[in-house]
Amino acid sequence: MPYVGFVKTSEGPLKTYERILEALQKEGFEVTFSKHHWAGDMPFGLVIAETSMGRVAVRWSLGKNFEMRLERMNEDAFEDFVEETLDYIGGD
């Protein structure tokens with residue numbers, strides 16, 4: 001089963017992307033591929049990763065400190081989560 005995550009961060013998109021990948025690694029996920037989606041005018045983004053423990057999608061938004069929460073989700077809910085987040089970022 002894939003995972004979805006939610007992150008609050010006080011940092012910009014590039015540093016947040018790096019911190020998410022580091023946090024996944026600390027949780028035991030070996031990241032084999034990842035990509036990052038965000039729009040420059042939104043304090044919000046999505047990191048999608050292929051890992052040793054399955055697919056992971058992490059939605060981030062601005063907050064006071066870096067905090068990450070992960071949940072297992074069924075395949076259909078995972079796909080909906082990714083699609084809805086990408087639609088929002090893309091303005092569709």
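- Residues Pro13 and Trp60 meet the side-chain proximity criterion, which asks for heavy atoms closer than 4.5 Å.
- Residues Phe81 and Val7 are members of separate hydrophobic clusters, defined by side-chain heavy-atom contacts under 4.5 angstrom among Ile, Leu, Val, Met, Phe, Trp and Tyr.
- Sorted pairs that involve residues 22-38 and meet salt bridge (charged side-chain N to carboxylate O under 4.0 Å, His left out), not counting sequence neighbours, are lacking altogether.
- Of all the heavy atoms in Ala23 and Phe66, the pair that sits closest is CB-CE2, 4.1 Å.
- Residues Leu46 and Val82 are in side-chain contact: their nearest non-hydrogen atoms beyond the backbone lie under 4.5 Å apart.
- Residues satisfying the side-chain hydrogen bond (donor to acceptor under 3.5 Å, both in side chains) criterion with Thr51, sequence neighbours excluded, are absent altogether.
- Residue Asn65 holds its CG atom at 6.5 Å from OG of Ser10, rounded to the nearest 0.5 Å.
- Among residues at least two apart or in separate chains, salt bridge (charged side-chain N to carboxylate O under 4.0 Å, His left out) pairs with a member in residues 53-66 are Arg55-Glu75, Arg55-Glu79.
- Take Tyr17 and apply the ring-ring contact (aromatic ring centres under 6.0 Å, His included) test, not counting sequence neighbours, and it matches His36.
- Not counting sequence neighbours, the partners of Phe29 by the ring-ring contact (aromatic ring centres under 6.0 Å, His included) test are Tyr3.
- There is a path of hydrophobic side-chain contacts, each under 4.5 Å, that joins Met53 to Val58.
- Put simply, Leu86 and Phe44 are part of the same group of oily side chains (I, L, V, M, F, W, Y) that touch within less than 4.5 Å, one to the next.
- No side-chain heavy atom of Glu50 sits less than 4.5 Å from a side-chain heavy atom of Ser34.
- Between Val56 and Ile48 there is no side-chain heavy-atom pair separated by less than 4.5 Å.
- Between Met68 and Leu24, the closest side-chain pair of non-hydrogen atoms falls below 4.5 Å.
- The side-chain contact (heavy atoms from CB on, under 4.5 Å) check on Glu71 picks up Val4, Phe6, Arg69, Met73, with sequence neighbours excluded.
- One distance of note links CG of Leu62 with OG1 of Thr16; it measures 7.5 Å at 0.5 Å rounding.
- Between Arg72 atom CZ and Met1 atom CE the span is 6.5 Å, to the nearest 0.5 Å.
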